[in-house]
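Supplied in structure tokens, the structure appears directly below.
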Number of protein chains: 2
Amino acid sequence: MNLRYLHTFVSIVDSGSIARASARLKVSQPAASRQVLALETELGVPLFDRIGRRLRLTSQGEDLLQLSRRLLMDADVLSARAGPQRRAHRNIACRRDADGH
Amino acid sequence: MNLRYLHTFVSIVDSGSIARASARLKVSQPAASRQVLALETELGVPLFDRIGRRLRLTSQGEDLLQLSRRLLMDADVLSARAGPQRRAHRNIACRRDADGH
DNA sequence: AGTGTTTACGGCGACCGTAAATATG
DNA sequence: CATATTTACGGTCGCCGTAAACACT
């Protein structure tokens with residue numbers, strides 16, 4: 001399981017579409033689409049109900065959403081804690097994309 | 001950031017050595033070693049003090065350890081929730097290694 | 001010497017981006 | 001017909017395992 005996939009998933013939910021999320025995350029639309037597919041395959045459950053081009057979260061999707069937010073929050077704490085230490089050592093470009101915040 | 005790396009890291013701490021952890025996780029010793037190195041590089045902080053062949057957690061290592069446990073616990077919840085559903089949909093090889101528990 | 005960690009190297013699989021096909025409003 | 005998602009395809013990068021080097025007790 002890749003944290004990036006979860007990030008993409010959350011971005012899709014937040015933005016409402018794969019296209020919008022892919023733009024925010026600066027990846028191609030197919031890449032974002034594939035990541036969702038991969039998650040669904042890996043978990044064995046549908047994350048979205050595809051009604052035409054409309055995406056609506058399934059109950060499992062909502063489940064994953066909550067969990068993903070927690071995971072990403074924790075991961076963020078990790079990065080935030082690592083970042084400052086890194087600065088003391090050498091100044092490296094901070095890997096931060098403008099998704100939600 | 002890959003969850004597997006964190007899993008390896010926690011295993012190393014729990015088992016006390018890279019060799020033991022790699023055996024548990026059924027990966028090669030170099031692979032486990034490289035994963036730790038990758039984490040240290042990515043975070044920009046040393047996770048262990050290498051005193052000879054003795055590994056002792058740094059304070060940042062202890063930090064990461066706590067966070068990692070939480071992350072992996074959440075990820076586990078995810079898998080546990082997905083597992084049962086997965087069987088109903090399609091049977092995919094279950095990626096589960098016998099670490100500690 | 002023997003055990004444990006790291007480096008070198010070759011190979012396989014994962015993932016991405018472009019382009020095309022498909023479907024919807 | 002324009003927009004959004006998915007599939008096909010080729011190429012690249014990451015990661016692993018074996019083997020060898022290195023370090024410590």
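So that the names make sense, note that chain A is the first sequence line, chain B the second, and so on, each numbered from 1.
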Checklist entry - Taking only residues at least two apart or on different chains, which pairs with a member in residues 25-69 of chain A satisfy ring-ring contact (aromatic ring centres under 6.0 Å, His included)? => result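 Sorted pair list: A/Phe9-A/Phe48.
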Checklist entry - What pairs with A/Arg4 under side-chain contact (heavy atoms from CB on, under 4.5 Å), at least two apart in sequence or on another chain? => result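 Once residues adjacent in sequence are excluded, the partners of A/Arg4 under the side-chain contact (heavy atoms from CB on, under 4.5 Å) criterion are A/Asn2, A/Gln35.
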Checklist entry - Checking all strands, does A/Tyr5 fall into the base, sugar-phosphate, or nothing category for heavy-atom contacts under 4.0 angstrom? => result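 Here A/Tyr5 touches the backbone only, sparing every base.
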Checklist entry - How close or far is atom P of C/dA8 from atom CG of B/Leu37, stated in whole angstroms? => result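 Rounded to the whole Å, the gap is 12 Å.
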Next on the checklist: If the condition is side-chain contact (heavy atoms from CB on, under 4.5 Å), which residues does B/Arg69 pass it with, not counting sequence neighbours?
Outcome noted: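 Residues passing side-chain contact (heavy atoms from CB on, under 4.5 Å) with B/Arg69: B/Val10, B/Asp14, B/Leu65.
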Next on the checklist: Can you list everything that forms a side-chain contact (heavy atoms from CB on, under 4.5 Å) with B/Asp74? Sequence neighbours excluded, please.
Outcome noted: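 With sequence neighbours excluded, B/Asp74 shows a side-chain contact (heavy atoms from CB on, under 4.5 Å) to A/Arg70, A/Leu71, A/Asp74, given in chain and number order.
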Item to check | Results of side-chain contact (heavy atoms from CB on, under 4.5 Å) for B/Glu40 - residues two or more places apart only | outcome: B/Val36, B/Leu37, B/Pro46, B/Leu47, B/Arg50
Item to check | Between C1' of D/dC13 and CG of B/Asn2, the distance in whole Å | outcome: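 The answer, rounded to whole Å, is 14 Å.
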Could I get a table of every N or O pair under 3.5 Å where one atom is in the protein and the other is in nucleotides 17-19 of chain D?
residue, atom, partner, partner atom, Å
D/dG17, OP2, B/Ser28, N, 2.9
D/dG17, OP2, B/Ser28, OG, 3.0
D/dG17, N7, B/Arg34, NH2, 2.8
D/dG17, O6, B/Arg34, NH2, 3.1

Return the polar atom pairs (N/O with N/O) between nucleotides 21-25 of chain D and the protein under 3.5 Å, or none.
residue, atom, partner, partner atom, Å
D/dC24, O2, B/Arg53, NH2, 2.2

Item to check | Gap between atoms CZ and C1', on B/Arg50 and C/dT7 respectively (whole Å) | outcome: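 Computing the B/Arg50:CZ to C/dT7:C1' distance gives 14 Å.
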Checklist entry - What pairs with A/Thr58 under side-chain hydrogen bond (donor to acceptor under 3.5 Å, both in side chains), at least two apart in sequence or on another chain? => result A/Gln60
Next on the checklist: Here's a test of your reading of the structure: between B/Ser33 and A/Ala38, which maps to the more 5' nucleotide of DNA chain C?
Outcome noted: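 Its nearest nucleotide lies further toward 5', so the answer is B/Ser33.
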Checklist entry - Which residues pass the side-chain hydrogen bond (donor to acceptor under 3.5 Å, both in side chains) test with A/Arg56, sequence neighbours left out? => result none
Checklist entry - Starting at CZ of A/Arg4 and ending at C1' of D/dC13, how long is that distance when rounded to a whole Å? => result 11 Å
Item to check | Rounded distance [0.5 Å steps], NE2 in A/His7 versus CD1 in A/Ile12 | outcome: 11.0 Å
Checklist entry - Could you give the CG-to-P distance, from A/Asp49 to D/dT5, as a whole number of Å? => result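 Roughly 15 Å, once rounded to whole Å.
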Checklist outcome for this item: Secondary structure of DNA chain D per the Watson-Crick/G-U criterion (both distances under 3.5 Å; [ ] crossing, | other strand, . unpaired) is |||||||||||||||||||||||||
Checklist entry - Where the side chain of B/Ser68 meets the backbone of B/Leu64, is there a donor-acceptor pair that is under 3.5 Å apart? => result yes
Next on the checklist: Distance check needed: C/dG4 P versus B/Arg24 CZ, whole Å only.
Outcome noted: 14 Å
Checklist entry - What ring-ring contact (aromatic ring centres under 6.0 Å, His included) pairs are there with at least one residue in residues 51-75 of chain B, not counting sequence neighbours? => result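 Of all non-adjacent pairs touching residues 51-75 of chain B, none passes ring-ring contact (aromatic ring centres under 6.0 Å, His included).
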Item to check | B/Leu55 and B/Val13, any side-chain heavy atoms less than 4.5 Å apart | outcome: no
Next on the checklist: Rounded to whole Å, how long is the line connecting atom CG of B/Leu55 with atom P of C/dT3?
Outcome noted: 18 Å
Checklist entry - CD1 of A/Ile12 versus C1' of D/dA4: gap in Å, rounded? => result 12 Å
